[in-house]
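Have a look at the structure that comes next, please.
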There are 2 protein chains.
Amino acid sequence: MRIGELATKAGVSVRALRYYEEQGLLSAARSSGGQRHYLDDAVDRVYLIQMLYAAGLSSRTILDLLPCVDAKVNTPQSRAMLRAERDRIDRQITQLRQARKRLDEVIALSESPASGCTRTNTDASVA
Amino acid sequence: MRIGELATKAGVSVRALRYYEEQGLLSAARSSGGQRHYLDDAVDRVYLIQMLYAAGLSSRTILDLLPCVDAKVNTPQSRAMLRAERDRIDRQITQLRQARKRLDEVIALSESPASGCTRTNTDASVA
DNA sequence: CTTGTCCCTCACATGAACGTCAGGTTTTAC
DNA sequence: GTAAAACCTGACGTTCATGTGAGGGACAAG
């Protein structure tokens, strides 16, 4: 599979895939002409990378974690790193919950009819 | 209270506070000499801004939301926006949970003694 | 063998939330 | 009244994950 197909299948841009390779997150075989060729499991690898990016991890951190995910590295240090990142994610979830709670309060206030405006043109465009 | 004190109390940099003002998120009175002066509640306002930044909202989105938080704007549109952001946060939490779950699986694997390496130099440098 | 499509490598641009330095003013403390 | 500390306005620098050409090969189809 060449880069365009992988990009389509994984739902990311070609540029992003090249960037992942540059960061050491994704490797590819090269054809005689220099074109990248990927195996099918590259799609899952890209999914994983995206998931970790979405969780707020940096390229560098992902680079450190991937060998653990591949079960190729298993040292006390690597385990500590894994736990550290998991805890970071936990803290981030906590923060998000707080923000969500705060927004919910605002929403509740704005939807209860005690907000000062007696009659708004409610649910006119709510669909 | 001047900008330095607010920065200290709210735990952000002076530069950040000037940036918030530039983005319209935080207003300040000015002394005759042009220096910014804040009321005590500015601290909470900065906390709120930070919370929303931490939740992944952009300056622009926060700018749109703040009038709702201040209960100064309450229209069908603003309520829809609030719900949209809350839902975005929910989706983000879901993503984070997935990532966390994935990491937990890796951690479980690396801590169970079936990872291929029979005897690692475990807890030698764990402190 | 030529087109068209995909691919390659630079390399500069982008947006967000600041950091940082320059050069100058204001406030505070003694 | 003077010196230090804090503040001011630009304005350019930084980091990260890409976007966006420029200019030129690679490769399947006819």
Side-chain angles (χ1 to χ4, degrees), chain A residues 1-39 42-43 45-66 85 88-89 92 95-96 99, chain B residues 1-39 42-43 45-66 85 88-89 92 95-96 99:
Chain A
M1 171 169 33
R2 288 190 299 171
I3 198 170
E5 191 179 347
L6 176 58
T8 302
K9 283 187 179 172
V12 302
S13 70
V14 167
R15 177 68 173 93
L17 294 179
R18 295 207 188 100
Y19 177 73
Y20 299 163
E21 179 173 319
E22 188 186 319
Q23 300 301 307
L25 308 180
L26 186 64
S27 61
R30 296 295 186 120
S31 74
S32 56
Q35 303 202 345
R36 291 170 180 83
H37 283 265
Y38 299 92
L39 300 176
V43 179
R45 164 63 49 129
V46 175
Y47 283 152
L48 175 60
I49 294 172
Q50 286 278 308
M51 165 180 283
L52 295 178
Y53 272 136
L57 308 204
S58 67
S59 293
R60 175 65 215 198
T61 308
I62 297 177
L63 180 60
D64 293 338
L65 289 186
L66 282 181
E85 284 308 317
R88 213 188 44 70
I89 292 178
Q92 204 173 332
Q95 285 200 342
L96 280 175
Chain B
M1 170 167 36
R2 289 191 299 168
I3 198 170
E5 191 180 348
L6 176 58
T8 301
K9 283 186 178 172
V12 302
S13 71
V14 167
R15 178 67 172 93
L17 294 180
R18 294 205 187 102
Y19 178 74
Y20 298 163
E21 180 173 317
E22 189 185 319
Q23 300 299 307
L25 308 179
L26 185 65
S27 61
R30 295 298 184 117
S31 74
S32 56
Q35 301 203 348
R36 292 170 179 84
H37 283 266
Y38 300 92
L39 300 175
V43 179
R45 163 64 49 128
V46 175
Y47 283 151
L48 175 60
I49 294 172
Q50 286 278 307
M51 167 179 283
L52 294 177
Y53 272 135
L57 308 203
S58 68
S59 292
R60 175 67 214 199
T61 307
I62 297 178
L63 180 60
D64 293 339
L65 289 186
L66 282 182
E85 284 309 316
R88 213 188 44 69
I89 291 177
Q92 204 174 332
Q95 285 200 342
L96 280 174

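Lettering of chains follows the sequences in order, A, B, ..., and the numbering in each one begins at 1.
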Reckon B:Ile49 touches a base, only the sugar-phosphate, or nothing at all at heavy-atom distances under 4.0 Å?
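Here B:Ile49 touches no strand at all.
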
Across the strands shown, which category fits B:Arg18 at heavy-atom distances under 4.0 angstrom: base, sugar-phosphate, nothing?
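Result for B:Arg18 = base.
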
Is there a donor-acceptor contact under 3.5 Å linking the side chains of B:Tyr53 and B:Ser59?
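Checked: B:Tyr53/B:Ser59 side chains pair up, N/O donor to acceptor below 3.5 Å.
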
Which part of the nucleic acid, if any, lies within contact of A:Arg2, taking any heavy atom under 4.0 Å across all strands shown: a base, the sugar-phosphate backbone alone, or nothing?
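Result for A:Arg2 = sugar-phosphate.
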
Hey, does the side chain of B:Arg36 come within less than 4.0 Å of D:dC8's phosphate (OP1/OP2), counting only N and O?
yes

Between A:Tyr19 and D:dA17, is there a side-chain N or O to OP1/OP2 distance below 4.0 Å?
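The answer is yes; a side-chain N or O of A:Tyr19 sits under 4.0 Å from OP1 or OP2.
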
Carboxylate-amine/guanidinium proximity below 4.0 Å for A:Glu21 and A:Arg18:
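Salt bridge absent between A:Glu21 and A:Arg18.
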
Out of D:dT18, D:dA11, D:dA17, which nucleotide sits closest to the side chain of A:Ser59?
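So the nucleotide nearest the side chain must be D:dA17.
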
4.5 Å side-chain heavy-atom contact, B:His37 and B:Met1
no

Using heavy-atom distances to pick each residue's nearest nucleotide on DNA chain C, tell me which of B:Ile62 and B:His37 is more 5'.
B:Ile62

Does a side-chain N or O from A:Ser58 land closer than 4.0 Å to OP1 or OP2 of D:dA17, or not?
no

Closest nucleotide of DNA chain C for A:Gly33 versus for B:Gln35: which of these residues is on the 5' side?
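On the 5' side of the pair lies A:Gly33.
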
Quick one: CD1 on B:Ile49 to CG on B:Leu63, what's the gap to the nearest 0.5 Å?
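Rounded to the nearest 0.5 Å, the CD1-CG separation comes to 10.0 Å.
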
Below the 4.0 Å mark, does D:dT9 have OP1 or OP2 next to a side-chain nitrogen or oxygen of B:Arg15?
no

Under 4.0 Å between a side-chain N/O of B:Ser13 and OP1 or OP2 of C:dG19, yes or no?
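Checking B:Ser13 against C:dG19: at least one side-chain N or O falls below 4.0 Å of OP1 or OP2.
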
Of A:Val14 and B:Val14, the one whose closest DNA chain D nucleotide lies more 5':
B:Val14

Side-chain contact test, heavy atoms from C-beta onward, threshold under 4.5 Å: evaluate it for B:Arg2 versus B:Glu5 and give yes or no.
no

Checking all strands, does A:Arg30 fall into the base, sugar-phosphate, or nothing category for heavy-atom contacts under 4.0 angstrom?
sugar-phosphate

From the set D:dT18, D:dG19, C:dC18, return the single nucleotide nearest to any side-chain atom of B:Tyr20.
C:dC18

